[in-house]
**Q** 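The structure follows.
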Amino acid sequence: MTKFTAKTVMSAALGATMLMGIPAFADDAVQLRISTPAVETDWHGKMLVVFKDELEELAPGEFDVEIHYNASLFKQGTEPIAMQRGNLDMAMISAFDISKQIPEWSTFTAGYLIRDPEHLTKVFRSDIGDEFYGKVADQMNIKILDVGYLGTRQLNLRTEQEVQRPEDLEGVNLRMPGSDAWQFLGKALGANPTPMAFGEIYTALQTGAVDGQDNPLPTVRAAKFYEVTKQIVKTNHLVDAIFLSMAKKKFDSLTEEQQENVLKAAQAATAFNNEKRIEDEAQLEAFFESQGLKVYSPDLEAFRTHVQAEYLSSSLAEDWIDGIVDRVNAVK
C-alpha cells in the first residue's frame, strides 16, 4: 500500500479547508461536483482533496473539481438518485444505498462476508468487483471508480465476562440500529438485539438498560462510550465500505485518457483514506487500554461460521447470487 507522508496529509488537510481555490482551469475544463456528508477533517473529506490534487497533477487544468461537504449539496442517501438524474457528478455511496435498487448488492451488507480492509480491496478488484460494478453501471447508470474502507464494527460491552464464541453472548442485551437488517445481525451474533437511538446509548450503558453496543472504534471514542464500558471485543463483524462513484453519463463523456486519469486519482484517494483509517484504529486500541478497557479478539472463525450460516438460511439471502459467499470467502 502506498505510504503517505506528513506533507501529503498536511496538503490534504489544508486543501480541505479551502473550498475556493484559484487554479488555472482551461476554458473547456470538465466540471466535477462532488457531494459528501463527511466533514472536512474526516479522512473521507480529505481523500476527496487527494482525488482533486492527484487529478490536477495527472491532467493539469483539465478538470474543475468542486467538493461540497456536510451534505450541503445533497442529503446523505440521496446522492445515487442525484447522479442518475444528472444533477450530481460524483459521490461516495454505500452497499446499503446500492441494494435499494439492486437487491443482489445486499450481499455486501451482511456480517462476516468481508474479513478486513485488505480483503475488501481484493474482492472488489477481482472478477467479483467487475461483476457487481457492472450491475451498478447497467442498472443505475453509475460508474464505481474504486472502493474505500469505512471502518470495522466491534462489540463494546459493560459486562466483564469474556466473549470467545457466539454462545457467550446469550442473554446480552446489545444495542443495534433499529432496521430489520441490523437487528438480524445482532441476533446472528448470538446476542439479544435491542433497537435504540444513537443519542440514547451512553445513558443506557451507564444505567445498564443495555449491556453493550456495536460501532467502529473511532465512534466509540468520539461518543465516549469507553467511559461506561469495560471491554472491547474485536469481533470484526462488519467491515464497511464506501464506493467513490461518478455518474456514468459524465464518465462516458470523458476521453479515454481522462477516464484513466480519473481512475488513477480515485485509487490514490482510496489508498490515502484506507491507510489513515487503519492507522487510527490501531492507535485507538492502545487508547482504550489506557482507559482501563480490556481489548481482545475472540474466536473469529466460530463467529464467522455461525453468522454466515444464519444469513444463508434466512430470507435475506434469497436475492443473493448462487455461490457468491463461497466466491468471496475464496478471495485471499
**Q** State, to 0.1 Å, how close Ile114 and His119 come at their nearest heavy-atom pair, and which atoms those are.
**A**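 Scanning both residues completely, I find the closest heavy atoms to be CA-ND1, 3.6 Å.
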**Q** Look at the side-chain heavy atoms of Ile, Leu, Val, Met, Phe, Trp and Tyr, link any pair under 4.5 Å apart, and say whether Leu58 and Leu32 land in one connected group.
**A**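 Result: no, two separate clusters.
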**Q** Take atom CD of Glu57 as the centre, draw a 6.0 Å sphere, and report whether it contains more than 12 heavy atoms from other residues, nucleotides or ligands.
**A**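 Check fails, neighbour count at 12 or below.
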**Q** If we check side-chain contact (heavy atoms from CB on, under 4.5 Å) with Ile232, which of these qualifies: Leu284, Asn156, Leu157?
**A**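 For Ile232, the side-chain contact (heavy atoms from CB on, under 4.5 Å) check succeeds only for Asn156.
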**Q** What is the distance from atom CG of Leu205 to atom NZ of Lys230, rounded to the nearest 0.5 Å?
**A**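 NZ of Lys230 is found 12.0 Å from CG of Leu205.
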**Q** Looking only at heavy atoms, what is the nearest atom pair of Met83 and Met246, with distance?
**A**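 Smallest interatomic distance, heavy atoms only, reads SD-C, 4.0 Å.
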**Q** Using every non-hydrogen atom in the two residues, find where His68 and Ser72 come nearest and quote the distance to one decimal.
**A**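 The answer is CB-OG, 3.8 Å.
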**Q** Is the ring centre of Trp182 less than 6.0 Å from the ring centre of Phe96?
**A**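 Ring-ring flag for Trp182/Phe96: true, centres closer than 6.0 Å.
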**Q** Looking only at the side chains, is there a donor atom on one of Thr270 and Asn273 sitting less than 3.5 Å from an acceptor on the other?
**A**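 Not at all, the side chains of Thr270 and Asn273 share no donor-acceptor pair under 3.5 Å.
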**Q** Do you reckon Met176 sits in the same ILVMFWY cluster as Tyr202, going by side-chain contacts under 4.5 Å, direct or chained?
**A**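 No, because Met176 and Tyr202 fall into different hydrophobic clusters, even though each may have its own neighbours under 4.5 Å.
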**Q** For the pair Gln308 and Asn329, evaluate side-chain hydrogen bond (donor to acceptor under 3.5 Å, both in side chains) and give the outcome as yes or no after the intermediate values.
**A** CA-CA 11 Å; Gln308 284 194 356; Asn329 285 342; 3.2 Å; yes
**Q** Can you check whether Phe272 reaches Trp43 side chain to side chain, under 4.5 Å on heavy atoms?
**A**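 Yes, at least one pair of side-chain atoms sits under 4.5 Å.
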**Q** So with a 6.0 Å cut-off around CG of Asp180, is the heavy-atom count from everything else above 12?
**A**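 No, not enclosed.
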**Q** State, with a plain yes or no, whether a side-chain heavy atom of Asp326 is found less than 4.5 Å away from one of Val328.
**A**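 No. Closest side-chain heavy atoms not under 4.5 Å.
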**Q** Are Glu66 and Arg33 close enough for a salt bridge, meaning some N to O gap below 4.0 Å?
**A**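 No salt bridge links Glu66 with Arg33.
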**Q** Do Leu169 and Leu174 make a side-chain contact, defined as non-hydrogen atoms from C-beta onward lying under 4.5 Å apart?
**A**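 A side-chain contact under 4.5 Å is absent here.
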**Q** Would Glu131 and Arg327 count as a salt bridge (Lys or Arg N to Asp or Glu O under 4.0 Å) here? Give the steps.
**A** CA-CA 12 Å; Glu131 179 180 349; Arg327 289 172 60 193; 3.0 Å; yes
**Q** Is any side-chain heavy atom of Asp240 less than 4.5 Å from a side-chain heavy atom of Ser94?
**A**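 Asp240 does not reach Ser94 side chain to side chain.
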**Q** So if I apply the side chain to side chain donor-acceptor pair (under 3.5 Å) rule between Asp214 and each of Arg175, Gln154, His237, which one comes out positive?
**A**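 Testing each of Arg175, Gln154, His237 against Asp214, the sole residue satisfying side chain to side chain donor-acceptor pair (under 3.5 Å) is His237.
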**Q** Taking all non-hydrogen atoms of both residues, which atom of Asn261 and which atom of Ala59 are closest, and how far apart?
**A**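 For Asn261 versus Ala59, the nearest heavy atoms are ND2-CB, 3.9 Å.
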**Q** Do Val49 and Val262 share a hydrophobic cluster, counting only Ile, Leu, Val, Met, Phe, Trp and Tyr and linking them when any side-chain heavy atoms are less than 4.5 Å apart?
**A**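 Looking at the clustering, Val262 is in the same group as Val49.
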**Q** Check step by step if side-chain contact (heavy atoms from CB on, under 4.5 Å) holds for Leu145 and Phe251.
**A** CA-CA 10 Å; Leu145 305 177; Phe251 186 81; 4.1 Å; yes
**Q** CG/Leu73 to CG/Leu88 distance, rounded to the nearest 0.5 angstrom?
**A**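 One finds 6.0 Å between CG of Leu73 and CG of Leu88.
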**Q** Could you walk me through whether Arg277 and Asp42 pass the salt bridge (Lys or Arg N to Asp or Glu O under 4.0 Å) test, one step at a time?
**A** CA-CA 10 Å; Arg277 283 196 174 276; Asp42 183 85; 2.9 Å; yes
**Q** Linking I/L/V/M/F/W/Y whenever their side-chain heavy atoms sit closer than 4.5 Å, directly or via other members, would Phe108 and Ile93 fall into one cluster?
**A**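 Looking at the clustering, Ile93 is in the same group as Phe108.
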**Q** For Phe287 and Tyr226, run ring pair (Phe, Tyr, Trp, His ring centres under 6.0 Å): C-alpha distance rounded to whole Å, both residues' side-chain angles, the deciding distance at 0.1 Å, then the answer.
**A** CA-CA 10 Å; Phe287 169 78; Tyr226 61 87; 5.1 Å; yes
**Q** Before accepting this row, confirm whether a basic side-chain N of the pair Asp146/Arg125 lies closer than 4.0 Å to the acidic partner's carboxylate O.
**A**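 Between Arg125 and Asp146 there is a salt bridge, with a charged N closer than 4.0 Å to a carboxylate O.
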**Q** Mind running ring pair (Phe, Tyr, Trp, His ring centres under 6.0 Å) on Phe184 and Tyr311 for me, showing each step along the way?
**A** CA-CA 9 Å; Phe184 181 89; Tyr311 273 98; 4.8 Å; yes
**Q** Is the backbone of Gln161 close enough, under 3.5 Å, to the side chain of Thr159 for a donor and an acceptor to pair up by distance?
**A**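 No; zero donor-acceptor contacts below 3.5 Å.
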**Q** What's the verdict on ring pair (Phe, Tyr, Trp, His ring centres under 6.0 Å) for Phe225 and Phe198, showing C-alpha distance, side-chain angles and the deciding distance?
**A** CA-CA 11 Å; Phe225 294 148; Phe198 184 84; 5.7 Å; yes
**Q** For Thr255, is there any backbone N or O sitting under 3.5 Å from a side-chain donor or acceptor partner on Gln258?
**A**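 Side chain of Gln258 to backbone of Thr255, a donor-acceptor pair under 3.5 Å: yes, one is there.
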**Q** Kindly compute the distance separating CG (Leu189) from CG (Leu238), expressed to the nearest 0.5 Å.
**A**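 Reported to 0.5 Å precision, the distance equals 9.5 Å.
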**Q** Can Lys294 be said to sit on top of Tyr296's aromatic six-ring, NZ or CZ under 6.0 Å from centre and within 45° of the ring axis?
**A**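 Judged by the rule (NZ or CZ under 6.0 Å from the ring centre, within 45° of its axis), Lys294 counts as positioned above Tyr296.
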**Q** Between Glu54 and Lys264, is there a side-chain N and carboxylate O pair less than 4.0 Å apart?
**A**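 Answer for the salt bridge query: no.
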**Q** Please give me the minimum heavy-atom distance between Ala241 and Val147, naming the atom from each residue.
**A**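 What the structure gives for the nearest pair is CB-CG2, 3.8 Å.
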**Q** Kindly indicate, with the supporting measurements, whether the criterion side-chain contact (heavy atoms from CB on, under 4.5 Å) is fulfilled by Val30 and Asp64.
**A** CA-CA 6 Å; Val30 178; Asp64 177 8; over 6 Å; no
**Q** Over 60° means perpendicular and under 30° means parallel, so tell me whether Phe243 and Tyr133 are parallel, tilted or perpendicular.
**A**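 Ring orientation of Phe243 relative to Tyr133: perpendicular.
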**Q** Taking all atoms of both residues into account, what is the closest heavy-atom pair of Pro117 and Val239, and its distance?
**A**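 Taking Pro117 first and Val239 second, the nearest heavy atoms are N-CG1, 4.2 Å.
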**Q** Of Leu155, Asp299, Val307, Val163, which meets side-chain contact (heavy atoms from CB on, under 4.5 Å) against Thr235?
**A**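 Among the candidates, only Leu155 passes.
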**Q** In Å and rounded to the nearest 0.5 Å, what is the OH to OG1 distance from Tyr112 to Thr305?
**A**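 The OH atom of Tyr112 sits 10.5 Å away from the OG1 atom of Thr305.
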**Q** I need the Ile242 CD1 to Leu150 CG distance, nearest 0.5 Å.
**A**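 The CG atom of Leu150 is 5.5 Å from CD1 of Ile242, to the nearest 0.5 Å.
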**Q** Under the side-chain hydrogen bond (donor to acceptor under 3.5 Å, both in side chains) definition, can you give me all pairs with a residue in residues 75-87, not counting sequence neighbours?
**A**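 Residue pairs passing side-chain hydrogen bond (donor to acceptor under 3.5 Å, both in side chains), neighbours aside: Gln84-Gln101.
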**Q** Check whether the side chains of Thr152 and Asn236 place a donor and an acceptor atom closer than 3.5 Å, and report yes or no.
**A**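 Distance-only check fails for Thr152 and Asn236.
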**Q** Below 4.5 Å, heavy atoms only, C-beta onward: do Ile34 and Met92 meet side chain to side chain?
**A**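 Heavy-atom side-chain distance check fails, nothing below 4.5 Å.
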**Q** How about Asp319 and Trp105: does a side-chain donor come under 3.5 Å of a side-chain acceptor?
**A**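 Side-chain D/A pair, Asp319 to Trp105: absent.
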**Q** Could you measure the distance from the CG atom of Leu254 to the NZ atom of Lys143? Nearest 0.5 Å is fine.
**A**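 These two atoms lie 11.0 Å from each other.
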**Q** Does NZ or CZ of Arg221 fall inside the cone over Phe288's six-membered ring, less than 6.0 Å from its centre and within 45° of the axis?
**A**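 Relative to the ring axis of Phe288, which defines the angle, Arg221 lies outside at least one limit.
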**Q** Between the side chains of Gln259 and Glu257, does any donor sit under 3.5 Å from an acceptor?
**A**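 Side-chain D/A pair, Gln259 to Glu257: absent.
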**Q** Should the pair Glu285-Lys234 be classified as a salt bridge under the 4.0 Å nitrogen-to-oxygen rule?
**A**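 Looking at Lys234 together with Glu285, the answer is yes, because their closest N to O distance falls below 4.0 Å.
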**Q** With a 3.5 Å cut-off and no angle check, do the side chains of Asn274 and Glu118 form a donor-acceptor pair?
**A**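 No, because no side-chain N or O of Asn274 sits under 3.5 Å from a partner of the opposite role on Glu118.
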**Q** Decide yes or no for Glu281 and Pro218: does some side-chain heavy atom of the first lie under 4.5 Å from some side-chain heavy atom of the second?
**A**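 Counting from C-beta outward, Glu281 and Pro218 do come under 4.5 Å.
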**Q** Indicate, with yes or no, if Val228 and Val233 share a hydrophobic cluster defined by side-chain heavy-atom contacts under 4.5 Å among Ile, Leu, Val, Met, Phe, Trp and Tyr.
**A**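 Val233 and Val228: separate clusters.
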